[in-house]
**Q** 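Shown below is the structure under consideration.
Scope of the values below: all heavy atoms of this structure, side chains included, with no hydrogens, waters or symmetry mates. So you know, we letter chains A, B, ... as the sequences are listed, proteins then strands, and number each from 1.
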2 protein chains.
Amino acid sequence: MPMSDKKAQRPIMALLDILGQRWVLRIIWELRDAPLTFRALRERCDQISPTVLNQRLALLRENGLVELGDAGYQPTQSCKDLGTLLMQLSDWSKSWDRTPEKPD
Amino acid sequence: MPMSDKKAQRPIMALLDILGQRWVLRIIWELRDAPLTFRALRERCDQISPTVLNQRLALLRENGLVELGDAGYQPTQSCKDLGTLLMQLSDWSKSWDRTPEKPD
DNA sequence: CTTCTTGCTACATATTATGTAGCGATACTT
DNA sequence: AAGTATCGCTACATAATATGTAGCAAGAAG
């Protein structure tokens, strides 16, 4: 049974289900500035396979996070706030100490 | 080639690589309040298989996000700010309109 | 009709997750 | 000492998911 089948009751669970899927955070991140075509998005995402990219885009579109406009894929208005959160994540990552907490 | 092999150069990429793995966001979310034992954490995460849980915990520990204390697994000091971001995510999710942007 | 670029599909192969059982260590009870 | 209960974690066969490559169908431009 795929994880997403357990229909997440609370919104945060539903959101974590979506954001926790491979490539999803990356895709939203890459769309933060300007719209990108399917192919351009693929390039930005290390040439992710089109199969998966399409699956993820479908998921994001179904959930009102991304839409396909004339200039390519772009975050919806709703998703822009989410993008802001990702920017905060980026800020945080700069001061992130990636070494384990060794009690030694 | 697994995605994580392309060693993410910028911190945000490294972070997205980690957070984008299945169960990782969920695990951090479940640890937001109080420490949880391996087994308790499994229960919270819909009985995720111990194999994967252990892989993820190892990843999170290696990257200074989670540590194993006397009371169980808990976020490191560094990760607490990240947890705060997830709380914001939760707030956002409550006003999230999950329907597609249909131009009709 | 040719040559672009677009979004996207097909499909065999490789990687990753699931589900279940249980090991070895520690602690507490009897 | 022997039983019971917990802990973190491992083994392993099976199922689900991702990768990589090729290419289709549609639209625009020459």
**Q** Output the rounded distance in Å from CD (Gln55(A)) to C1' (dA18(D)).
**A**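 Rounded to whole Å, this separation is 8 Å.
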**Q** Without decimals, in angstroms, what is the distance between Leu53(A) CG and dC8(C) P?
**A**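 These atoms are roughly 9 Å apart.
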**Q** Measure CZ/Arg22(A) against C1'/dT19(D) and give the value in whole Å, please.
**A**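 From Arg22(A) CZ to dT19(D) C1': 9 Å.
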**Q** Whole angstroms only, please: what is the CD1-P distance between Ile48(B) and dA17(C)?
**A**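 These atoms are roughly 9 Å apart.
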**Q** Please give, in whole Å, the distance from dT16(C) C1' to Gln21(A) CD?
**A**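 Value for this atom pair: 14 Å.
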**Q** Just how far is it from atom CD of Glu62(B) to atom CG of Leu60(B), taken to the nearest 0.5 Å?
**A**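 Between Glu62(B) CD and Leu60(B) CG, I get 9.0 Å after rounding to 0.5 Å.
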**Q** Between P on dT16(C) and CG on Asp17(B), what's the gap in Å once rounded to a whole number?
**A**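 Atom CG in Asp17(B) sits about 12 Å away from atom P in dT16(C).
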**Q** Where do Ser78(B) and Gly64(B) come nearest, in terms of heavy atoms and distance?
**A**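 The answer is CB-O, 4.0 Å.
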**Q** What is the distance from CD of Glu43(A) to P of dT5(C), rounded to the nearest Å?
**A**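 My rounded result for the distance is 11 Å.
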**Q** Taking protein heavy atoms under 4.0 Å as touching, what does nucleotides 4-11 of chain D look like 5' to 3' if B marks base contact, S marks sugar-phosphate-only contact and - marks none?
**A** ---BBBBB
**Q** I'd like to know if the side chain of Arg42(A) and the backbone of Ile48(A) have a donor-acceptor N/O pair within less than 3.5 Å.
**A**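 Here the side-chain-to-backbone pair exists.
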**Q** From Leu16(B) CG over to Arg10(B) CZ, what is the distance, rounded to the nearest 0.5 angstrom?
**A**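 Going from CG on Leu16(B) over to CZ on Arg10(B), the span is 9.5 Å.
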**Q** To the nearest 0.5 angstrom, please state how far the CG atom of Leu89(B) sits from the CG atom of Leu89(A).
**A**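 The distance works out to 9.5 Å.
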**Q** Taking only N and O in the side chain of Trp23(A), is any of them less than 4.0 Å away from OP1 or OP2 of dT19(D)?
**A**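 So the side chain of Trp23(A) is within the cut-off, an N or O lying under 4.0 Å from OP1 or OP2 of dT19(D).
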**Q** In whole angstroms, how far is the P atom of dT5(C) from the CG atom of Leu41(A)?
**A**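 Spelled out: CG on Leu41(A) to P on dT5(C) is 18 Å.
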**Q** Is the terminal nitrogen or CZ of Arg26(B) (NZ for Lys, CZ for Arg) located under 6.0 angstrom from the six-membered ring centre of Trp29(B) and within 45° of that ring's axis?
**A**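 Here Arg26(B) fails the 6.0 Å and 45° test against Trp29(B).
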